[in-house]
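A short worksheet on the structure shown next.
The chains referred to below are lettered A, B, ... by the order of the sequence lines, with proteins before strands, and numbering in each begins at 1.
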Number of protein chains: 4
Amino acid sequence: MPNLMARRKTLVDSMMRDAIYQGAVAVLAEHGLSGATMDRVAAAAGVAKGSLYNYFRSKDELLTFVHEKTIQPLIEANEAIAASDHSVAEKIEAMTRGWYRYVCEHRATFQILVANMNVEGVLREASIRSQKASIDVIAGIIQQGVESGEFRPLNAKYVAETLLAAAKGGLEAEFLEGSQRSEDETTETLVAVFLHGLCAN
Amino acid sequence: MPNLMARRKTLVDSMMRDAIYQGAVAVLAEHGLSGATMDRVAAAAGVAKGSLYNYFRSKDELLTFVHEKTIQPLIEANEAIAASDHSVAEKIEAMTRGWYRYVCEHRATFQILVANMNVEGVLREASIRSQKASIDVIAGIIQQGVESGEFRPLNAKYVAETLLAAAKGGLEAEFLEGSQRSEDETTETLVAVFLHGLCAN
Amino acid sequence: MPNLMARRKTLVDSMMRDAIYQGAVAVLAEHGLSGATMDRVAAAAGVAKGSLYNYFRSKDELLTFVHEKTIQPLIEANEAIAASDHSVAEKIEAMTRGWYRYVCEHRATFQILVANMNVEGVLREASIRSQKASIDVIAGIIQQGVESGEFRPLNAKYVAETLLAAAKGGLEAEFLEGSQRSEDETTETLVAVFLHGLCAN
Amino acid sequence: MPNLMARRKTLVDSMMRDAIYQGAVAVLAEHGLSGATMDRVAAAAGVAKGSLYNYFRSKDELLTFVHEKTIQPLIEANEAIAASDHSVAEKIEAMTRGWYRYVCEHRATFQILVANMNVEGVLREASIRSQKASIDVIAGIIQQGVESGEFRPLNAKYVAETLLAAAKGGLEAEFLEGSQRSEDETTETLVAVFLHGLCAN
DNA sequence: GATGAATGAGTTTTCATTCAT
DNA sequence: GATGAATGAAAACTCATTCAT
């Protein structure tokens, strides 16, 4: 049954890519992007260097894979929230909280990945793509709020960019500080500012 | 008078460092961070490669110098605004607008510098330091607003991080897009959100 | 009857080697000698890479096989002509014409093989062997002419080397030029020069 | 006097290129083209690997340099002979003899270079260029003979290709054999064949 | 102090060969 | 016998840093 063999091959392939992914994440966490050599990735993944090239055509492809595999769940969560039937304010809060949780759970990877997202080179393009996708979804929610009258008539795209950057900035600051912050205070502060602003009245 | 000679030496030193700075900025703008080799910097600065090492102990030190020299005016402007006697809301707006202007004027350099600010390696530490300084100043303003009752009682530091990141994110998005945005709409949107929030009421 | 099984085995073996030969020729024609990887040969031959090593001990052995199998018919044709009862002048012409025809028919392979014949490495030895064999045959014909008085008393071996190289050179030039030349003019020119020389008298 | 310094620099540069040339020739003679790694060339030239790249942009450029530097004198000698006022038959003989002498004097280099001239890769183009140049000069002489009536009306280009290849073939055979042949018999045989042909009458 | 040639460790990528299944 | 994933030894090229002049 060739079908079965093909499936097995696909499965094994996927497991190897995963193993390499794990190795790459470990190396990124320990040595940073510029310290992530193929030698180290291979060693961390427990395979020979040449084997990396059986699963990824180049270092670039490998890094892109790592990026996408890490970021994908976040994008999907955003889309799910956008498609839900909560109020726009609730969507903003849910998204923000979702980001915080997911990123904190994958702290090690994100610490590197977020930090290097805008670096030149391969990751840049992958990063720009995913960033644009996220901003579109967020801007959609904001625009929805603007149109329903719930939100003031501001440029939805600018606000979306701003919100995403603010969230990333908060997480980065937390990472830098080293200490773990309270999920509630962090997200509530961000949401409070974006929904109601700093001003008191 | 050895004093005079020492002063002259210091002056010449400083001029050389400036020339090298100019060269480095030009190279960064043209070739990006990863394309900024010492060879190119020396050529652009019009000095021999070996001379770079008479003024900077290493490439890292040189890049740190570039970073600080570029970012310094921003920090000083922040401090001036913080020390002024405008209302906190006005201070927020003035700062935001100041960032936008300065960064746009030095677009080429910032496009590289901002984009690579958080990369691991040399720039990281310089970047963290300057970021912390900025956040302290901004947080000071916000705290002032909180204490005066103008602002709601939110965690000033978190908000400051968030505001700075949001501003950077907006500028980055503009750089990425390639087109120049209107200073007014950009800053007004950001300020509007941070002062009054998205919600309509 | 083990005899039968042995014969079958030999037959199957020979068919596999042929299939691999076909694949190798295709790869050589498409990718050249340096692009002829075992991966590509295996793919072109429709077998697994590992199987190549069941029929050839090494890449070198495989390439040698390709060379010999390609060149063999030429050598045999030379021998047939040498053994025929034409005049020596006719033999020279027949051989020359035979080379031209055969090589042009297998243009793709020869373009690679001839071009790389003298390269160091594997092919070198195979090439030298076959070249020596050819030269012996040609020199035999010339010597025959010398002894019969038809040819002037020149060093038969030197002339044979010279004639073979001249023919190869002409074909190479034709390959380089890209255009197909007339079989008649090409061979007649070569034969005319070798038999009667450039001088008009 | 900057002129002087520039001249010195050019001189030193040229000496380094020569030293590297020597190293490359030694490596080619010992290990052949495919064994000529940059590591080995550097070692043979007594410099660090990186230094090679201060004088040649790439391995290809280096190899091309080796080729041209080796072949150039031959081309110039050909041109000088072509421009002389000897009879065409004398020119043919002088050229042939000149090739033999020069090549035998630089035996080690040519053994590799000639053998690899038509290999794919960098040398191919350099080789084709120089070969075309030579053939043009030779064909010019032959055409001159045809027009003056001294030579029979044969295709000058074909004959030129043929003559050059024949000479190369003879030298190659000599190299292969290992023993040194008599310059007189070798060149006289070749010239005799090309001028008067094999046939006796 | 200025110069820039020399250095060599470090990086990515390729590919013949092996061997467990 | 067939398979093809795993291997790891090379190889070309880069560039921060040093140091003799």
Side-chain angles (χ1 to χ4, degrees), chain A residues 5 8-9 12-13 15-16 34-43 45-63, chain B residues 9 12-13 16 34-43 45-63 122, chain C residues 9 12-13 16 34-43 46-63 122, chain D residues 5 8-9 12-13 15-16 19 34-43 45-63:
Chain A
M5 278 178 57
R8 162 135 61 190
K9 177 173 160 4
V12 169
D13 243 57
M15 281 173 59
M16 274 295 289
S34 76
T37 67
M38 293 300 261
D39 270 287
R40 287 213 249 248
V41 170
V47 301
K49 187 172 21 164
S51 298
L52 299 182
Y53 290 86
N54 291 335
Y55 296 95
F56 300 95
R57 267 199 293 265
S58 66
K59 186 184 186 187
D60 279 8
E61 199 176 289
L62 193 161
L63 286 178
Chain B
K9 177 171 158 4
V12 170
D13 246 54
M16 277 294 290
S34 77
T37 66
M38 293 301 261
D39 268 284
R40 287 211 250 247
V41 170
V47 302
K49 185 165 37 159
S51 300
L52 299 181
Y53 289 86
N54 291 332
Y55 298 95
F56 300 96
R57 265 199 297 265
S58 68
K59 187 186 185 185
D60 280 8
E61 200 178 288
L62 194 163
L63 285 178
V122 226
Chain C
K9 177 169 156 9
V12 170
D13 246 53
M16 278 294 290
S34 77
T37 66
M38 293 301 260
D39 268 284
R40 287 211 249 247
V41 170
V47 303
K49 187 169 30 163
S51 300
L52 298 182
Y53 289 86
N54 291 331
Y55 297 95
F56 299 96
R57 264 200 297 263
S58 68
K59 188 188 185 185
D60 279 9
E61 200 176 290
L62 194 162
L63 285 178
V122 226
Chain D
M5 279 177 58
R8 164 137 57 192
K9 179 174 158 2
V12 170
D13 244 55
M15 282 173 58
M16 274 296 289
S34 78
T37 69
M38 292 302 260
D39 271 284
R40 286 211 251 246
V41 170
V47 302
K49 183 172 27 165
S51 299
L52 298 183
Y53 290 88
N54 291 335
Y55 297 94
F56 300 96
R57 266 200 294 268
S58 66
K59 186 184 183 184
D60 279 9
E61 200 176 288
L62 195 161
L63 286 178

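For E:dC19, the paired base is F:dG4 (Watson-Crick or G-U wobble, both distances below 3.5 Å).
For F:dT7, its base never sits under 3.5 Å from the side chain of A:K49 at any donor and acceptor pair.
Within the nucleic acid shown, D:T37 comes within 4.0 Å of sugar-phosphate atoms alone, with no base atom in reach, counting heavy atoms only. In this structure, D:V12 reaches neither bases nor backbone, as no heavy-atom distance under 4.0 Å exists between it and the strands shown. As judged by a 4.0 angstrom heavy-atom cut-off over every strand, C:F56 is placed among residues making no nucleic acid contact. Backbone-only contact: D:K59 has heavy atoms under 4.0 Å from sugar-phosphate atoms and none from a base.
The two residues C:Y55 and C:E61 come nearest to each other via the heavy atoms O-OE2, 4.3 Å.
Nearest nucleotide to the side chain of C:N54, out of E:dT17, E:dT7, F:dA2: F:dA2. Among the nucleotides E:dA16, E:dA5, E:dT13, the one closest to any side-chain atom of A:S58 is E:dT13. Distances were taken from every side-chain heavy atom of D:M38 (C-beta onward) to each of E:dT17, F:dA12, E:dA2; the shortest belongs to F:dA12. Distances were taken from every side-chain heavy atom of A:Y55 (C-beta onward) to each of E:dA5, F:dT3, F:dA6; the shortest belongs to F:dA6.
The structure places CG of C:L52 at 11.0 Å from NZ of C:K59, a figure rounded to the nearest 0.5 Å.
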